[in-house]
Amino acid sequence: MAVKLYWFDNFLPISHVCYHDQKIQGRMENGIKKTPSSDKINSGMKKTPSSLFSITELDDFYFQHLSRSPRLNIERKISLDGCSISGNLRHIDSHECISPMGGFGHRAGFDTPNSTSDNVYEPHMMVVAAWDALRKSIVYFRGQPVGTVAACDVTSEEALNYDQVFVRDFVPSALAFLMNGEYDIVRNFLLKTLQLQSWEKKIDRFKLGEGVMPASFKVLHDSHKKIDTIMADFGESAIGRVAPVDSGFWWIILLRAYTRSTGDSTLSETPDCQKGIQLILSLCLAEGFDTFPTLLCTDGCCMIDRRMGIYGYPIEIQALFFMALRCALQLLKPEGESKELLERIMTRLHALSYHMRSYFWLDFQQLNGIYRYKTEEYSHTAVNKFNVIPDSIPDWLFDFMPNRGGYFIGNVSPARMDFRWFALGNCIAILASLATPEQSIAIMDLIEERWEELVGEMPLKACFPAIDGHEWTSVTGCDPKNTRWSYHNGGSWPVLLWLLTAASIKTGRPHIAKKAIDLAERRLLKDGWPEYYDGKLGRYIGKQSRKYQTWSIAGYLVAKMMLEDPSNLGMISLEEDREKPVVKRSSSWS
Ligand code: GLC
């Protein structure tokens, strides 16, 4: 295995196994100037071969750089407490002004990208427009920014819950703000959602676990009474009444990104934050009837929040679970209750990475192995451990699988392998180093080999392929929103651009990100930042797609900023834990 090295001239890996002969050129090519921050990093580094750093050294250097950057005023207390509750509505006196736009207005003094930050970013038109739209999505609570609404689509007849702050949707917004040196909104969001976690959560007469984080929340402003009200949804209002398993994981991941980006660990070290992490993870690490280290979930518990046949052990949740566990290892203080929890996390990570790398991984050789599986094998010697019937391999897969490349499949459970490809889970697997370096390379190989199917004209398909006909009837329950090549069912989601970009940079292939960003730039602004696109190639604005969807906007900004300054990747990426043995398998990646 080749060691990943970084050349500080351009901040990119210059040696990573193979395939990436193209170094990044995009920083000037796409009309973006270098940031002062990256110049600061580059200055003082000699441009000689001795300025080759391993990824660990890069991490260290990045940390040192961060600790030099202006620190947060950690003395400042944000008063988000003191609320009195009844059900899920809390009334809080508001003493500060409320946005005239009903909670998500453009605030005076907020310039683009940031009037006070020294992290000045030279924007082009689309970037300026994106920042402007992102700022318009900001939600205020007691005059403090606490999040961004899911969409600011004024043309849409019904807001449904798109006027709420979704935890998962806020992540790209938060990353954009962090990259721009705007920390307060992220800190406030983390504290606000942490406070919501302590609410009693009930669906009908059934009480949810203490650690459950909300899917979304809404700030209601009563301008007469000068009262701010918070309403949160833990699944009890959501279509399908599903609790968001991903919210807690995203919260932990964001807490690490915040800590890493600011260099300020005082927030994550507060007893409240430590408790919040403990509660989230206790939900997932409880012992029970499970025979697998993966997390058993119901349909609709994550980004794909409708019935799409992802129940069981969906890749999106497993990858986020893995990443959150690894982030928690960095965030938890090894004292008190956390001591034992840390041990449980280590044990689970070990089992989870083995399970995922072994049984969820699919490449040409693996597929050929499954195709030739024997069935009804009993005992420990079984090769086909889950009794998967080869006839259940769908026809499309034989053509789709390239000779070079591979991916983590959608789901593995007894006699059931969901062979669909899902973008989010595979990108997170790369970022969390759930995928081995070889698997990460293979995932990107597959994206390149199947560019038309997975990227087409708009990055990136949420899943591939779409289901249709009888399968659509039984799997989705005839969902008219999830018809073939639409929405979650093979629709293309611009928000996924930031994840593709991060994965591309991490695997040393920024040219993939550049190509995807170029595609997005042809349409996104012109089309009014749609939530998703439809069709095999993603050519059509989605049937029921919202416009001015915040995570489409923020995802684009994050992708741009990350490509411009790849050191931003450190916020959201974890390097491989070299102490763990790499799983040996008979397929090409072992
Ligand atoms: C849709 C998406 C979900 C997202 C929400 C708000 O329900 O499926 O992932 O969080 O919209 O944008």
Side-chain angles (χ1 to χ4, degrees), residues 104 133-134 136-139 147-153 156 158-175 189 193 213-218 231-251 253-254 297-311 314-317 319-320 422-425 427-428 460-463 466 476-477 479-483 486-499 528-534 541-556:
F104 45 92
L134 181 61
K136 284 186 174 135
S137 74
I138 294 176
V139 171
T148 49
V149 281
C152 289
D153 189 351
S156 197
E158 247 190 316
L160 292 176
N161 50 359
Y162 282 90
D163 58 354
Q164 304 200 9
V165 181
F166 277 75
V167 171
R168 72 176 73 87
D169 292 45
F170 182 67
V171 172
S173 298
L175 295 177
F189 169 87
T193 41
M213 280 282 182
S216 60
F217 67 87
K218 184 174 177 166
M231 195 199 78
D233 180 12
F234 296 88
E236 75 278 31
S237 306
I239 298 168
R241 300 287 183 269
V242 181
V245 178
D246 62 340
S247 283
F249 299 149
W250 280 123
W251 188 87
I253 293 165
L254 189 57
C297 300
T298 180
D299 233 331
C301 62
C302 48
M303 175 191 175
I304 297 180
D305 56 359
R306 298 168 80 88
R307 186 170 149 191
M308 265 288 289
I310 62 155
Y311 64 90
I315 179 65
E316 175 172 341
I317 291 296
L320 286 171
F422 290 86
L424 201 152
C427 289
I428 291 286
L460 181 64
K461 286 253 161 48
C463 91
T476 70
D479 187 347
K481 204 165 175 184
N482 270 334
T483 50
S486 183
Y487 202 46
H488 303 132
N489 188 10
S492 304
W493 292 68
V495 58
L496 298 170
L497 185 62
W498 81 263
L499 282 156
W529 308 101
E531 179 188 15
Y532 66 96
Y533 285 78
D534 285 356
I541 298 175
K543 233 186 324 189
Q544 296 186 41
S545 173
R546 301 278 149 162
K547 297 283 186 81
Y548 291 90
Q549 180 80 17
T550 305
W551 69 1
S552 300
I553 298 162
Y556 167 72

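Whatever order the structure lists ligands and atoms in, that order sets their numbers, starting from 1.
Ligand 1 lies less than 4.0 angstrom from a heavy atom belonging to Glu531. Contact annotation: Gln549 has at least one heavy atom less than 4.0 Å from an atom of ligand 1.
Residue Tyr487 holds the heavy atom nearest to atom 1 (C) of ligand 1 of all those in Tyr532, Trp493, Tyr487, Phe166. The option from Asp305, Ile239, Asp169 that lies nearest to atom 7 (O) of ligand 1, judged by heavy atoms, is Asp305.
Set against the non-hydrogen atoms of Ala150, the atoms of ligand 1 under 4.0 Å away are 6 (C), 12 (O). With ligand atoms numbered from 1 in the order given, ligand 1 contributes 1 (C), 11 (O), 12 (O) to contacts under 4.0 Å with heavy atoms of Tyr162.
Across all their heavy atoms, Ser173 and Thr550 have their closest contact at OG-CG2, 3.6 Å.
Using bins of under 30°, 30° to 60° and over 60° for the plane-to-plane angle, the ring pair Trp529/Tyr556 lands in the tilted bin. Using a 30° and 60° split on the angle between ring planes, Trp493 and Tyr532 fall in the parallel class, below 30°.
In this structure, CD1 in Ile304 is found 8.5 Å from CG in Leu424, a value given to the nearest 0.5 Å.
Looking at Trp551 next to ligand 1, no N or O pair under 3.5 Å apart turns up. Checked against a 3.5 angstrom limit, the closest N/O atoms of His488 and ligand 1 fall inside it.
Using a distance-only test at 3.5 Å, with no hydrogens or angles considered, no donor-acceptor pair links the side chain of Asp305 to the main chain of Gly300.
Of the protein's heavy atoms, Met303 O, 2.7 Å lies nearest to atom 9 (O) of ligand 1.
Phe189 pairs with exactly one of Phe170, Trp250, Trp251 by the ring pair (Phe, Tyr, Trp, His ring centres under 6.0 Å) rule, that one being Phe170.
With contacts defined as side-chain heavy-atom distances shorter than 4.5 Å, the pair Ile541/Lys547 qualifies.
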